[in-house]
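Working notes, structure below.
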Amino acid sequence: DEEDVDVFEVEKILDVKTEGGKILYKVRWKGYTSDDDTWEPEAHLEDCKEVLLEFRKKIVDNKPKPVKKEVQKLSLNDDVFEAESDSDWQGETKGDVSPKKKKKKSKDGEDRSSGDLKKKMSKSAKLKEKPRTEREDSSDTLVLDSIPKKRTSETKEDSKDPKKQRKEDTKEVKKKKGEVKDLKINSKEDFKESKKSQKEKDGGVQFGSES
Amino acid sequence: MSLLIKHSERLRKFKNKGKDPAALRRQRAEVVIELRKAKKDEQILKRRNIEPNEVGMERNLSTEEGETHEIIQLSLEEILQGVNGSDTELQLQATQATRRLLSRRKDPPINEIIELGIIPRLVEFLTYADNAPLQFEAAWALTNIAAGTSDHTKAVVEGGALPAFIALLSSPHMHVSEQSVWALGNIAGDSPLYRDALINCNAIPPLLALVSPATPVWFLRNITWTLSNFCRHKNPCPPLDAVQKMLPVLICLLEHEDSEIISDSCWATSFLTDGSNDRIQVVVDTGVLPRLVELMASPELIVVTPALRTVGNVVTGTNEQTQAAIDAGVLAVLPHLLQHAKPTIQKEAAWMLSNIAAGPCWQVQQLITCGLLPPLVELLDKGNFNAQKEAVWAVANFTTGGTVEQIVELVQSGVLKPLLNLLLAKDSKTILIILDTISNLFLAAEKLGETERLCLLVERLGGLEKLEALQVHENKMVCQVALNIIERYFSDE
């Protein structure tokens, strides 16, 4: 346990990227300026859930809202080939986001210490990461033109049949597993039924006139 | 002498008060039945098939040991008379006869029974609390009428059945209440109109009250199924307060060991999540996602199908809702489902994947981390066509929202080859999506200065010739987009 390790408080998250298969978040440190922003792996931010959540919400708010209930149509016009301006979430968050105090207590009194990054970092490590920040601002966050949209299910062919006839034959074998149930068979014993023969019931005979 | 007649004679000895006219009627009916029996014995040996729409009489011989009595079917005329009469025995016989007709597998004569006009009378029988067998038979008959078309269900509802059935939910006779549960399930399943009519008649509390640790499994199955129908339908979706009442019970039923109960509970959650995001949230808020993910891994198809559907619906929601599904572990069970034996499961798993890939890059990253690229590539390569279409969406969304690095990983996972092969598909829409994806790949390549590498790769995989062939595709858009790609990236400067 190192005694001379600094613990720094995260003020907010500014951006996100991936590198080497990991997610990295751009951190603004409380009491520091953008000069000291660093990219931190997700794992370092375990104590900062609230800050993360706020960042993620911001991203959603800034993106044009996906239309979820329509079938996804990727833009097929010239937009595909035109370089559009960066979508908001890729770069620095546009507009000022007032830094919020992160140390809210949860309802049951647990201190989530959302603002504190309890990370043991030496100052030198922090400095090392600085140049990376500048270099990587533009290149690795890809800007694409259309935002992928969520699509609801188009076919509901496997949905259950809404109605069931209660059949005579209570000894009916249940349908094979895996089949879509159309008419559900009630397999319970019918207390009123006399014992049934196993014969098919629809081979009855028609009689003519009544007496 | 048939047992029926013996039985009737016995009855006559005990219940002969003021029953003479009825007794005579019964006697007559019995004689008729006797005569018919003799005829039937003859004819049953001659003919085997009943004509499709014949309602007539059937004879069912029971051959189980120790049982010799026969079940005699009545004619429609006799049913009408029995039902409308005041003789309780005949009422029961007639109602039972009706039930039998309506319970047969092939073409139950619903229209003919409705035309008899006996529905209101059957509904009345539902209220005869001192005659549970009659209530039961009437409930069963009405259930099967309501199991038909919307018009059939309407006839039952307009006969005044709703309050009667709701009242029967509290019957002390379990089979009567069970049959009522079933009937209400059919009625609610017909339309949002009837569903809400039942909800407004306060059907839900007594229905939920039937669920207890002591409730037998066969009964619970019906209750769960009926509850799922109360969750069914959109436009409008069920009232929120009704949903709030039903959800805790459904969540509970999800923990049952019986597969049918679990399955129907999952169908209920699938209906409830098939709507706006706030309705998805209501379900997510119950904390049910981990259980649903667990059920997605069930060996039982009847469980997997609706569990997968439910979580698939959840990830059409917000990023947070999708994240909740991811946090519940859905990515670990997806690979298996992408390779499932049943094509529709493959398809829906790929659909879910495509919607997660439509999310922000940290969710796309989780797809990579959880090893979903290889099964995706496999599906793209070998899956059935509907599943492949969904997989194409997944790849497309990936290339739209993923970072350059993620796209590089995608390409490295071998997705290009099967993707380019699908350019031969018959479906223009799919082709267009693939073309868009290719464009996205080139955009990423441009950022890395790797366009030439990508061109060579595409060429080597036979993609260029497919693109060239698409220039003369029947769909004009396909032609145009293919041409654009070729001109932009493959033509010599």
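Here is how names work: the chains are called A, B, and so on, in the same order as the sequence lines, proteins then strands, and each is numbered from 1.
Of all the heavy atoms in Thr18(A) and Gln365(B), the pair that sits closest is CG2-OE1, 3.6 Å. Residues Trp362(B) and Ile23(A) approach most closely at CA-CD1, 3.4 Å, considering heavy atoms. Taking both residues in full, the closest heavy atoms of Lys167(A) and Trp140(B) are given as O-CZ2, 3.6 Å, listed atom of the first, atom of the second, then distance. Of all heavy-atom pairs between Arg151(A) and Trp351(B), the closest is O-NE1, 2.8 Å.
Listed options Leu435(B), Thr143(B), Asp190(B) were ranked by heavy-atom pairs under 4.5 angstrom with chain A; first place goes to Asp190(B).
Using a 4.5 Å cut-off between heavy atoms, Phe271(B) touches chain A through its side chain atoms alone. Contacts between Leu102(B) and chain A at a heavy-atom distance below 4.5 Å involve the backbone alone (N, CA, C, O). Contact of Ser191(B) with chain A is not made at all, since no heavy-atom distance falls under 4.5 Å. For Pro108(B), the part sitting under 4.5 Å from any heavy atom of chain A is the side chain, from C-beta outward, and nothing else.
Within the 4.5 Å cutoff, side-chain heavy atoms of Arg166(A) are placed close to those of Gln179(B).
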### Task
Please lay out, stage by stage, how Arg56(A) and Gln323(B) fare under the test side chain to side chain donor-acceptor pair (under 3.5 Å).
CA-CA 11 Å; Arg56(A) 288 174 180 180; Gln323(B) 190 61 43; 4.6 Å; no

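Judged purely by atom type and a 3.5 angstrom limit, Lys163(A) has no side-chain atom pairing as donor or acceptor with the backbone of Gly189(B).
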